[in-house]
Amino acid sequence: MIGAVVSVISVFWTLLLPLLVGSTPISQELFPTDCSDVYANGQTLSGVYTIYPTADTPVQVYCDMGCLESKTEDGNWTVFQRRMDGSVNFYRPWGHYKKGFGNKYGEYWLGLENLYQLTRNRKYELRVDLQDFDGVSVYAQYSYFSVESEAEGYKLHVSGFINGGAGDSLEFINGQKFSTFDKDQDLNEEGNCAKSYLGAFWYNKCHHANPNGIYLWGRDATHFAIGNVWHHWKGYDYGLKFITMKIRPVS
């Protein structure tokens with residue numbers, strides 16, 4: 001009996017001691033902060049994994065570890081936005097965009113609060129992958145990406161553009177707060193950009209990119225700029241087949 005108790009105590013201290021002295025490998029293995037930690041733990045295949053933007057909040061996310069479909073040269077990307085087939089309605093209220101919604105195996109939004117928690121303690125870069133209905137793929141990459149707290153309107157900071165053929169459609173919204181149809185934080189004095197363009201994003205007055213707009217299935221000029229468009233590549237009337245936004249820590 002005494003031997004069994006001693007054995008249990010020994011196992012307990014073996015697991016607990018590294019945490020008490022500040023060792024990170026055990027913590028990152030049990031509670032990976034993002035997909036780079038998942039990758040470091042030996043999970044090198046793209047797919048859905050559980051991460052912990054905060055220590056007590058498990059969140060499922062799609063990890064792009066360098067999959068062929070996105071033509072990413074290397075992995076460790078935490079995907080926070082993805083459109084691919086129009087199966088999920090992205091015209092949603094503030095509470096949904098704060099918490100996150102959708103299907104991690106398909107279309108989804110990870111959540112503004114999760115983005116804030118992820119980017120508050122690490123420096124991240126951003127990659128936006130785009131594809132049209134002819135199968136042409138391009139990307140835009142940014143060497144710095146962060147999101148401020150809800151008290152600051154989840155304000156966006158993005159800079160360090162690298163052109164992968166898409167052009168820079170995010171420069172216009174650097175420093176802007178996030179807006180939804182029920183929470184107007186844009187700089188447009190004539191109305192709510194989210195309502196006008198049927199989306200939710202870091203609008204200015206209003207946008208050069210509307211990733212969360214209506215899934216248009218290609219070119220449709222019936223209504224101006226309401227689709228999931230990237231102006232500097234396809235203009236305002238072309239809804240993209242595939243768009244994903246993802247981040248990873250800068251080494």
Side-chain angles (χ1 to χ4, degrees), residues 47-48 50-51 53 57-64 69-70 77-116 118 126-133 147 150 153-154 156 166 169-170 173 176-186 188 191-204 206-231 233-247:
V48 176
T50 300
I51 62 172
T57 308
V59 176
Q60 281 201 316
V61 67
Y62 188 88
C63 294
D64 181 349
E69 72 178 44
S70 68
W77 295 100
T78 301
V79 176
F80 70 83
Q81 186 267 8
R82 185 167 59 182
R83 311 291 298 280
M84 58 195 301
D85 55 19
S87 60
V88 173
N89 178 17
F90 274 66
Y91 190 53
R92 292 174 179 250
W94 178 262
H96 289 214
Y97 273 93
K98 175 182 177 179
K99 184 178 180 181
F101 59 85
N103 175 11
K104 302 305 187 300
Y105 292 91
E107 297 196 331
Y108 76 95
W109 173 263
L110 183 61
L112 290 164
E113 184 62 25
N114 289 323
L115 282 177
Y116 163 63
L118 283 169
L126 166 70
R127 178 171 168 129
V128 185
D129 281 311
L130 313 167
Q131 185 181 90
D132 66 15
F133 281 85
V147 174
E150 184 176 18
Y154 292 122
L156 172 70
S169 289
L170 297 188
I173 61 171
Q176 302 307 310
K177 297 179 180 181
F178 200 91
S179 287
T180 58
F181 65 75
D182 62 337
K183 192 174 183 68
D184 183 2
Q185 300 191 111
D186 61 54
N188 182 20
N192 181 337
C193 293
K195 280 187 176 181
S196 297
Y197 298 103
L198 304 183
F201 207 52
W202 293 280
Y203 295 113
N204 189 321
C206 282
H207 74 76
H208 292 164
N210 196 31
N212 300 325
I214 301 300
Y215 196 89
L216 289 181
W217 297 86
R219 197 168 300 283
D220 185 344
T222 306
H223 301 286
F224 178 73
I226 65 168
N228 56 325
V229 303
W230 190 270
H231 171 64
W233 184 37
K234 288 289 186 177
Y236 281 123
D237 62 350
Y238 192 97
L240 299 166
K241 178 181 181 181
F242 180 87
I243 178 168
T244 185
M245 307 180 74
K246 53 199 178 186
I247 58 175

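The figures here come from the full heavy-atom set of this structure, side chains too, leaving out hydrogens, waters and symmetry mates. Please read these numbers as outputs of a predicted model, since none were measured by experiment.
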**Request:** Kindly give the heavy-atom pair with the smallest separation between Met84 and Glu107, and that separation in Å.
**Result:** N-OE2, 2.7 Å
**Message:** Closer than 3.5 angstrom, by distance alone: can the side chain of Asn228 be matched with the main-chain N or O of Gly239 as a donor-acceptor pair?
**Reply:** no
If you look only at distance, which donor and acceptor atoms sit under 3.5 Å apart when one is on a side chain in residues 97-106 and the other is two or more places apart or in another chain?
from, atom 1, to, atom 2, distance (Å)
Tyr97, OH, Phe90, O, 2.5
Lys98, NZ, Glu150, OE1, 2.9
Asn103, OD1, Tyr105, N, 3.0

**Sub-4.5 Å side-chain heavy-atom contact between Tyr236 and Tyr197** = no
**Item:** With sequence neighbours excluded, residues passing side-chain hydrogen bond (donor to acceptor under 3.5 Å, both in side chains) with Asp184
**Value:** none
**Message:** Using side-chain heavy atoms (C-beta onward) and a distance below 4.5 Å, is Asn114 in contact with Ile51?
**Reply:** no
**Prompt:** Where do Thr50 and Gln60 land on the side-chain contact (heavy atoms from CB on, under 4.5 Å) test, with the steps shown first?
**Reply:** CA-CA 4 Å; Thr50 300; Gln60 281 201 316; 4.0 Å; yes
**Atom pair CZ/CG of Phe133 and Leu240 - distance to nearest 0.5 Å** = 8.0 Å
**Item:** From CD1 (Ile214) to CG (Leu198), nearest 0.5 Å
**Value:** 5.0 Å
**Item:** Leu115 vs Trp109 side-chain heavy atoms within contact, under 4.5 Å
**Value:** yes
**Item:** Within the 6.0 Å centroid threshold, strictly below: His208 and Phe201
**Value:** no
**Request:** Compare every heavy atom of Ala200 with every heavy atom of Ala194, then report the nearest pair and how far apart it is.
**Result:** CB-CA, 4.5 Å
**Request:** Looking only at non-hydrogen atoms, find the nearest pair between Cys206 and Asn188 and report the distance.
**Result:** SG-ND2, 3.6 Å
**Item:** Shortest non-hydrogen separation from Trp94 to Gly153 and the atoms involved
**Value:** CH2-O, 4.4 Å
**Item:** Any His207 side-chain heavy atom under 4.5 Å of Val229 side chain
**Value:** yes
**Request:** First locate atom NZ of Lys195, then atom OG1 of Thr180, and finally report the distance between them rounded to the nearest 0.5 Å.
**Result:** 10.0 Å
**Request:** Output all residues satisfying salt bridge (charged side-chain N to carboxylate O under 4.0 Å, His left out) with Asp237, sequence neighbours left out; order by chain, then residue number.
**Result:** Arg219
**Request:** Check the side chains of Tyr203 and Gln185 for a donor-acceptor pair under 3.5 angstrom, ignoring hydrogens and angles.
**Result:** no
**Asked** Should Asp186 and Gln176 count as side-chain neighbours, where that means a heavy-atom distance under 4.5 Å?
**Response** no
**Prompt:** Quick one: does Leu126's side chain get under 4.5 Å of Leu170's, heavy atoms only?
**Reply:** yes
**Complete:** Output for pair (Lys241 NZ, Leu130 CG), nearest 0.5 Å, gives 13.5 Å
**Fill in**
One should read off an interatomic distance between Tyr108 OH and Thr244 OG1, to the nearest 0.5 angstrom, of 6.5 Å
**Prompt:** Could you state the interatomic distance from CG (Asn212) to CE (Met245), rounded to the nearest 0.5 Å?
**Reply:** 8.0 Å
**Request:** Using the six-membered ring wherever Trp is involved, compare the ring planes of Phe178 and Trp202 and label them parallel, tilted or perpendicular (cut-offs 30° and 60°).
**Result:** perpendicular
**Prompt:** Where does the angle between the aromatic ring planes of Phe181 and Tyr91 fall among parallel (under 30°), tilted (30 to 60°) and perpendicular (over 60°)?
**Reply:** tilted
**Prompt:** Is any side-chain heavy atom of Ile243 closer than 4.5 Å to a side-chain heavy atom of Val128?
**Reply:** yes
**Asked** Got Phe80 and Leu118 here, is their nearest side-chain heavy-atom distance under 4.5 Å?
**Response** no
